[in-house]
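Order of the sequence lines fixes the chain letters, A, B, ..., with proteins taken first and strands second; residue numbering starts at 1 for each chain.
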2 protein chains.
Amino acid sequence: MHAYEESPFTRKLAAFVALSKDELSVLERLHQRRRSFRVGIDLVHQGQSEQTAYILSQGWVCSYKIQRDGTRQIVDFQIPGDFLGLRSVLLRTSDHSFEPITDIQAAEVSAADLLEAFAQTPRLATAILWAASRDEAMVVEHLVGLGRRPADARMAHFLLELGARLLLVGIADKSGYACPLTQYHLADALGLSAVHVNRVLRHLREDGLVTFRNGHVTFDDYDRLIDFAEFDPAYLDQAGPVLL
Amino acid sequence: MHAYEESPFTRKLAAFVALSKDELSVLERLHQRRRSFRVGIDLVHQGQSEQTAYILSQGWVCSYKIQRDGTRQIVDFQIPGDFLGLRSVLLRTSDHSFEPITDIQAAEVSAADLLEAFAQTPRLATAILWAASRDEAMVVEHLVGLGRRPADARMAHFLLELGARLLLVGIADKSGYACPLTQYHLADALGLSAVHVNRVLRHLREDGLVTFRNGHVTFDDYDRLIDFAEFDPAYLDQAGPVLL
DNA sequence: CGTCGTTTTGACGGCAGTCAACGCGGGTGG
DNA sequence: CCACCCGCGTTGACTGCCGTCAAAACGACG
C-alpha cells in the first residue's frame with residue numbers, strides 16, 4: 001500500500017512516466033470533486049458545449065455519435081483511469097455524446113483546474129497529452145478495423161485491445177476480464193448488427209479462441225487469438241512521451 | 001495582396017482566429033525550411049520514430065496503415081494548409097505512414113521550432129491545437145462513415161467533406177474541385193474494393209448527384225447530394241478555439 | 001407470474017468482394 | 001514512329017458476408 005490513494009488514472013500514468021511526489025500530489029488534487037452518474041443517462045450530449053471534463057475512476061462509459069437515421073456508432077469506450085472529454089475542455093467542442101454503461105464514479109475537472117495543474121508540473125501536462133495521443137491512436141486502429149478487418153477478426157481484435165487496456169489499470173489478467181457490455185454495444189462499436197455479433201461470438205467460442213458470456217470475457221487460447229486477430233499491441237504500449 | 005506571403009496554412013488559421021502581425025510573422029518563420037517530395041515516396045514510414053513534422057503548402061498526401069495481409073487503410077488525406085505528423089513531433093510515435101499522392105512542397109518543422117513558436121505566441125499554440133482537434137474530429141467522422149454508412153452515402157459524404165476543406169484554403173468552389181486521387185485511393189480510404197468504388201461513382205453520376213472524372217469532382221446537385229449523404233458540416237466549421 | 005431487456009437461432013435477401021476481361025492513355029524502348 | 005507495357009478505369013458474372021425479419025428462450029426484476 002502507498003501513503004496516497006492510488007486512482008486508476010494515476011496508476012496508468014505511473015506505468016509510463018516516473019512521477020515525483022509533487023506530481024502525485026497535484027494528481028491527487030485533480031481528483032477532488034467526485035461525482036456519480038447513473039447508467040444510461042448521458043454525461044455530455046452531442047452538440048452541447050460543455051466546459052467540464054472527467055477522470056473516470058469507476059465503471060464504464062462509451063462515446064458515440066448518433067446519425068439522422070437513428071443508427072449509432074460508438075467511437076470509443078472509456079474504462080477506469082481514462083480521461084473523458086479532454087478535448088472539449090481545451091477547445092469548446094463536444095461533437096459526440098457520452099453514455100455511462102454502468103453506474104460510474106468520476107472526478108470533475110474544469111479547464112481552470114487542468115491549466116493550473118499543467119502550469120505547476122509541465123511533465124504532468126506531457127504525460128496527460130501522451131495519454132490523449134494514445135487514445136487517438138486507438139481511434140485510428142478502430143478505424144482500420146472497421147475499414148479492413150472482417151467481422152470475426154474485428155471482434156477478436158477488439159476484445160484483445162480491451163484486455164490490454166484493462167490489464168494496465170489492474171482490472172484484468174491474462175486469462176480474461178469482467179465486461180459489462182451488451183451485444184448491442186459491441187454491434188454499435190464494431191459496425192455490425194446485433195444478430196451478427198452473436199453469430200461471430202459463437203463462432204469464436206466454438207473455435208476455442210475466446211468466450212464472451214455472462215459479462216465475462218475468457219481467453220481460451222490467447223496466442224492463437226492474437227494470431228487470428230493480427231493483434232499488434234505496438235500502438236498501445238508505446239514508450240513514454242518525450243519529457244520536455 | 002498582403003505584405004506577407006500568405007500560405008494555405010496561414011489562410012486556414014486566419015479563417016478562424018484573428019491573427020496579429022506578430023503572430024503572422026512567427027507563422028512566416030515556421031515556413032522557412034522548404035522541402036519537396038516526389039509522388040509515391042513515403043515521407044515517414046510506419047514505426048519510424050521521426051522528430052520532424054511538416055506543414056503542407058502544395059500537393060496532396062495521405063496517411064495510412066498497412067496490415068500484415070497487405071491491405072491498407074487510409075486514415076486521412078492532407079491538403080495544402082494541413083499539418084502532417086504533429087503528434088509524432090510532440091510525442092515520439094508515428095504509428096502510420098505518409099505517402100505523397102502528388103509531388104509536394106512542405107515546410108519542415110522541428111519540435112524545437114514549434115515549441116519556440118508556442119512560447120512566443122500562446123494564442124498561436126491554441127490555434128494550432130485547435131486545427132489538430134479539427135483533424136481528429138474528421139477522423140471520428142470518417143470512422144462513423146465506415147461503421148454506419150452504406151458505400152454510396154459514404155462516398156458522397158467523403159467528396160463533400162473534401163470539398164469543404166478545399167474551399168477553406170481556396171482551391172475549390174461550390175461547383176467542384178480538382179482531385180488527384182485514383183479510385184484505388186478512394187477504395188483504401190472508404191474501406192471498399194476498387195471495383196466497387198467504380199460502381200458507386202457511376203451510380204452517383206447517373207443519379208445526377210456528383211461526377212468524379214479525369215481528376216475533377218463536379219457537384220451536379222449540391223443540395224440533393226448533401227441530403228443524400230446526410231452531410232452536416234458542424235464538425236468542420238466549428239467556432240474558433242477558446243483563446244486562453 | 002408477467003414484463004422487459006438481452007441472447008440465441010433460422011430463413012432469406014442484398015450489398016459489396018472477387019475474378020476476369022477489356023479499353024484507354026501515357027511513357028519507354030526498339 | 002510504332003510496338004509494347006503498365007497503371008488506371010470500366011463492366012459483367014458469380015459468390016459470400018452480413019443485414020433484416022421473425023420467433024423463441026432465458027434471466028432479472030417488480
Side-chain angles (χ1 to χ4, degrees), chain A residues 38-41 60 62 67 69-74 99-103 145-156 158 178-207 210-218 228, chain B residues 38-41 60 62 67 69-74 99-103 145-156 158 179-207 210-217 228:
Chain A
R38 284 296 171 72
V39 50
I41 302 167
W60 292 40
C62 70
Q67 298 190 265
D69 64 7
T71 60
R72 86 167 176 178
Q73 176 65 46
I74 292 179
E99 176 195 302
I101 288 168
T102 66
D103 288 349
L146 286 173
R148 288 297 181 212
R149 268 192 278 270
D152 44 12
R154 204 184 306 167
M155 175 71 74
F158 173 77
C179 175
L181 303 180
T182 67
Q183 295 185 359
Y184 289 92
H185 286 124
L186 294 175
D188 285 344
L190 301 177
L192 302 170
S193 67
V195 173
H196 198 60
V197 162
N198 188 287
R199 285 194 283 249
V200 166
L201 286 174
R202 171 151 59 104
H203 180 225
L204 291 175
R205 181 173 2 106
E206 287 172 352
D207 275 15
V210 61
T211 303
F212 181 105
R213 202 157 236 181
N214 301 324
H216 202 88
V217 174
T218 312
F228 176 73
Chain B
R38 283 294 172 72
V39 50
I41 301 166
W60 293 41
C62 69
Q67 298 191 264
D69 64 8
T71 59
R72 87 167 174 177
Q73 175 66 45
I74 292 180
E99 177 195 301
I101 288 169
T102 64
D103 289 349
L146 287 172
R148 289 294 181 216
R149 267 193 280 268
D152 42 12
R154 206 185 305 168
M155 175 71 73
F158 172 77
C179 176
L181 303 179
T182 68
Q183 296 185 358
Y184 290 92
H185 286 123
L186 294 175
D188 285 345
L190 301 178
L192 302 170
S193 68
V195 172
H196 197 61
V197 163
N198 188 287
R199 284 194 284 249
V200 166
L201 287 175
R202 171 152 56 106
H203 180 224
L204 291 175
R205 181 173 2 105
E206 288 174 351
D207 275 15
V210 62
T211 304
F212 181 106
R213 203 157 234 181
N214 302 323
H216 202 88
V217 174
F228 176 73

Sugar-phosphate only, base, or nothing, as touched by Gly40(B) at under 4.0 Å among non-hydrogen atoms: nothing

Euclidean distance, atom CZ of residue Arg148(B) to atom P of dC15(C) [Å, nearest integer]: 17 Å

Rounded distance (nearest 0.5 Å) linking atom CG of Asp152(A) with atom CZ of Arg199(A): 12.5 Å

Gap between atoms NE2 and P, on His203(A) and dT9(C) respectively (whole Å): 14 Å

Separation of dT6(C) P from His185(A) NE2 (nearest whole Å): 8 Å

Sugar-phosphate, base or nothing in reach of Val195(A), heavy atoms under 4.0 Å: base

Atom pair distance, as rounded to whole Å: CG in Asp69(A) and C1' in dG19(D): 14 Å

Distance-only donor-acceptor test (3.5 Å): side chain Arg199(B), base dG17(C): yes

Donor-acceptor under 3.5 Å (Gln73(B) side chain, Gly145(A) main chain): no

Distance (rounded to the nearest 0.5 Å) between Ile74(B) CD1 and His185(B) NE2: 5.5 Å

Spacing of His216(B) atom NE2 relative to dC8(D) atom P, expressed in whole Å: 21 Å

N or O in side chain of Gln183(B) less than 4.0 angstrom from dT10(D) OP1/OP2: yes

Sugar-phosphate only, base, or nothing, as touched by Gly215(B) at under 4.0 Å among non-hydrogen atoms: nothing

Sugar-phosphate only, base, or nothing, as touched by Leu201(A) at under 4.0 Å among non-hydrogen atoms: nothing

For atom CG of Asn198(B) and atom C1' of dT11(D), their distance in whole Å: 8 Å

Tyr184(A) OH - dT8(C) C1' separation (whole Å): 11 Å

Residue pair Asp188(B), Arg148(A): steps toward the salt bridge (Lys or Arg N to Asp or Glu O under 4.0 Å) verdict: CA-CA 9 Å; Asp188(B) 285 345; Arg148(A) 288 297 181 212; 3.0 Å; yes

Sugar-phosphate only, base, or nothing, as touched by Ser193(A) at under 4.0 Å among non-hydrogen atoms: base

Sugar-phosphate only, base, or nothing, as touched by Arg202(B) at under 4.0 Å among non-hydrogen atoms: sugar-phosphate

Touch class at under 4.0 angstrom, heavy-atom based, for Arg154(B) against every strand present: nothing

Side-chain N,O (Arg213(A)) to OP1/OP2 (dT8(C)) below 4.0 Å: yes

Spacing between His196(A) atom NE2 and dT6(C) atom P, to the nearest angstrom: 21 Å

Nearest heavy atoms of Phe212(A) and Cys179(A), plus distance in Å: CE1-SG, 3.8 Å

